[in-house]
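Below is one structure, written out as structure tokens; comments come after it.
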2 protein chains.
Amino acid sequence: MPVKVRIADVAAAAGVSTATVSRALSSPDVVGAETRARVMAAVQATGYRINAAARDLRQQRARSILVLAPNLANTFFSRIIAAVQEVAGQAGLAVQISDSRTDPDLLQSLGHNGRADGILLLDGALPPDLVRGWRLPVVQVCEWNDAYEVPSLRIDNAAAARMAVAHLRDLGHTHLLHVAGPADNVLGQTRERGFVDAARAFGLGATVLPGDFTMASGARSARAWAEMPDRPSAAFTASDECAFGFISECNRMGFAVPGDVSVIGFDDVDFAGHFIPALTTIHQPRARLGRQAAERLVSALGASERLTHEQVIIDPNLMIRASTAPRT
Amino acid sequence: MPVKVRIADVAAAAGVSTATVSRALSSPDVVGAETRARVMAAVQATGYRINAAARDLRQQRARSILVLAPNLANTFFSRIIAAVQEVAGQAGLAVQISDSRTDPDLLQSLGHNGRADGILLLDGALPPDLVRGWRLPVVQVCEWNDAYEVPSLRIDNAAAARMAVAHLRDLGHTHLLHVAGPADNVLGQTRERGFVDAARAFGLGATVLPGDFTMASGARSARAWAEMPDRPSAAFTASDECAFGFISECNRMGFAVPGDVSVIGFDDVDFAGHFIPALTTIHQPRARLGRQAAERLVSALGASERLTHEQVIIDPNLMIRASTAPRT
DNA sequence: ACACATGATGTAATCGATTACATCACCCGT
DNA sequence: ACGGGTGATGTAATCGATTACATCATGTGT
């Protein structure tokens, strides 16, 4: 078998033109059955594989999508990305990944260099002009930004915060703590506002400490909590990671969770149910989000169907486990 | 600004040929200074972006690498992949990801369809003929397979197991348990063998339970451990995930870690230090592994330097935390 | 003055697949 | 029998960038 087999080699082996080979592969119904059989036999015999660059150039399509996330090392993204790759792979699309914060030139080039046909955007903090300048289909997952005017999928973060607050109220807690996400992050802001509004609506005391989703900010907040003269008896953190840090630090300081303080996280990452105590948390259906987002993008790329700006808001789900208990 | 700017448009604006524009961009030293300035001004004025498919087709290069991992949802891979993307992105390479287990046709096409210039392989379980048939530079990370005859980077898994066993021996434990990884996985096999050999060398009792790296197999093993008439006082699991499952299940059954059983994991995933108890574990420098692997691949792609089959084996590092204690 | 080397630039072929348009064969309806 | 329609296939242009080879201008050495 030669190193590189071209469509012309297949055509020669089948005794037809290259156009017929191309058609036999892409539109088999317009090629006669006998001719088609000869072509397929030649493809097998030669081991032909299409040259992607040649096809992409001619068709003006990349057959590839790009996933842009702010910090690919964040384990939160794994399941989303895996689900995206599964759906896109099945649709014959290659999946590229890139950190959304580190290559301004790449971001500027998108839509102009033929590198990707569509974008799955996991970052709501990019400049709107930039995103709108892409002229590619864009679908957002989890984080969103209305200024982009693109569709997005997420859970109802405000309702989720309300659920957390309601759960703690039902357990008899009257003074609650919230460890916030980053102040400039739409998720952090929404979860905080949801918390504050619900606490007010339920007539509960509410204290907010700044945070940034990380374990370190969780640990820091636990130390601040321990110093409070009138400590809240329950905490709702803006992420599971933050909750792990909070709980771990309480443990180190000799406080018990949920005995001294109940804790609710946000995300339901893989380890949450196996943490000690098993973490009560807001479940984020990451695989489902990734799958649906990818399906939307694939659909837009495949059928020339225009993407609407529809915002899909999924009802939240509170996983009640062992990190929350009645107020003592 | 027109929707699509070609190199011919830049050439017209600069009053030179397309060849000169191409040269000004790729080999500026062979173009006169004045001409070069005119070209760069025209590039700026037109907003020109190179067409990737056209360039790739002409140059017979994809400017892209592919990361193949068995289960992209596994959080263990996040830091590796992020580091790979950082290095490759800086070298101007796009990074594609794909699950290594689900698309046989993709795997068969690699090296024949111009989709990627090189492969970072995180799976040692693919058929050797397949891998050797790619005719692309391949670098393995973590998992390896000597039959592929490609370079790899990993920590010394056998030495790591020995360190774990030595640590437990130093704490006075005389009967140890190992929860193994998958029986058909090179990592699982090597860690198990390292464990068994070290226990024998140190004259310690050694019990091995089958596992598969997962939290579920850890929990199952904890239940089996609890039923043992002569329970080992310490356990070494083939992954952190497995350790979390083991510890969590012990906790549920009312056993204390490390009071009733010391536990050592393998990986040092992000949450390990914040688990309760903070997990003693073998550290895997995932970002470093990903970075170095990517650098090797980038180097092979950039300078036409041939990849050697060198196996880089990194010394292991035991992170001693709170999940191990002297035998009581 | 002439020959040679070097730097700069242009022309046109090349990469490999797709597809617009033309051509042919065959069938059906009038 | 003739005309029109349809299915099948071929030719050659197209996609956009790169680069081999040719050409020209200039400088240096003999």
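First the proteins, then the strands, lettered A, B, ... as listed; each starts at 1.
Rounded to whole angstrom, the span from the CG atom of A:N51 across to the C1' atom of D:dC15 amounts to 13 Å. If you measure from atom CZ of A:R6 to atom P of C:dT14, you get 12 Å, rounded to the nearest angstrom. For B:H112 and C:dG16, the NE2 to P distance is 15 Å, given to the nearest whole Å. Rounded to an integer number of Å, the gap from B:R49 CZ to D:dA17 P is 13 Å. Between the CD1 atom of B:I7 and the P atom of C:dT9 there is a distance of 15 Å, rounded to whole Å.
Mapping B:G32 and A:A53 onto DNA chain C by nearest heavy atom places B:G32 closer to the 5' end of the strand. Nearest-nucleotide positions on DNA chain C for B:R36 and A:I50 put B:R36 closer to the 5' end.
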Which side-chain N or O atoms in residues 116-125 of chain A pair as donor and acceptor under 3.5 Å with protein atoms at least two apart or in another chain?
from   : atom 1 : to     : atom 2 : distance (Å)
A:D117 : OD1    : A:A62  : N      : 2.7
A:D117 : OD2    : A:A62  : N      : 3.2
A:D117 : OD2    : A:R63  : N      : 2.4
A:D117 : OD2    : A:S64  : N      : 3.3
A:D123 : OD1    : A:A125 : N      : 2.8
A:D123 : OD2    : A:S100 : OG     : 2.7

Would B:T20 and B:S17 satisfy side chain to side chain donor-acceptor pair (under 3.5 Å), going step by step from the backbone distance to the final call? CA-CA 5 Å; B:T20 297; B:S17 71; 3.2 Å; yes
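Of the residues in residues 55-63 of chain A, A:R55, A:R58, A:Q59 come within less than 4.0 Å of DNA chain C through at least one heavy atom, sorted by number.
Of the side-chain N and O atoms in B:S22, one or more sit less than 4.0 angstrom from OP1 or OP2 of D:dT18. Listed pair B:Y48 / D:dG16 fails the phosphate criterion, with no side-chain N or O lying under 4.0 Å from OP1 or OP2.
Between the CG atom in A:L126 and the CG atom in A:N145 there is a gap of 8.5 Å [rounded to 0.5 Å]. With rounding to the nearest 0.5 Å, the separation of NZ in B:K4 from NE2 in A:H112 is 10.0 Å. Expressed to the nearest 0.5 Å, how far CD of A:E310 lies from CG of A:L153 amounts to 8.0 Å. In this structure, CG on A:L68 lies 8.5 Å from CG on A:D99, to the nearest 0.5 angstrom.
Between the side chain of A:S109 and the main chain of A:D105, a donor-acceptor pair closer than 3.5 Å is present.
In this structure, A:D29 reaches the sugar-phosphate backbone alone: every heavy-atom distance under 4.0 Å involves primed, P, OP1 or OP2 atoms, never a base. As judged by a 4.0 angstrom heavy-atom cut-off over every strand, A:V21 is placed among residues making no nucleic acid contact. Within the nucleic acid shown, A:T20 comes within 4.0 Å of sugar-phosphate atoms alone, with no base atom in reach, counting heavy atoms only.
Closest to the side chain of B:R23, from the set C:dA17, C:dT11, D:dG10, is C:dT11.
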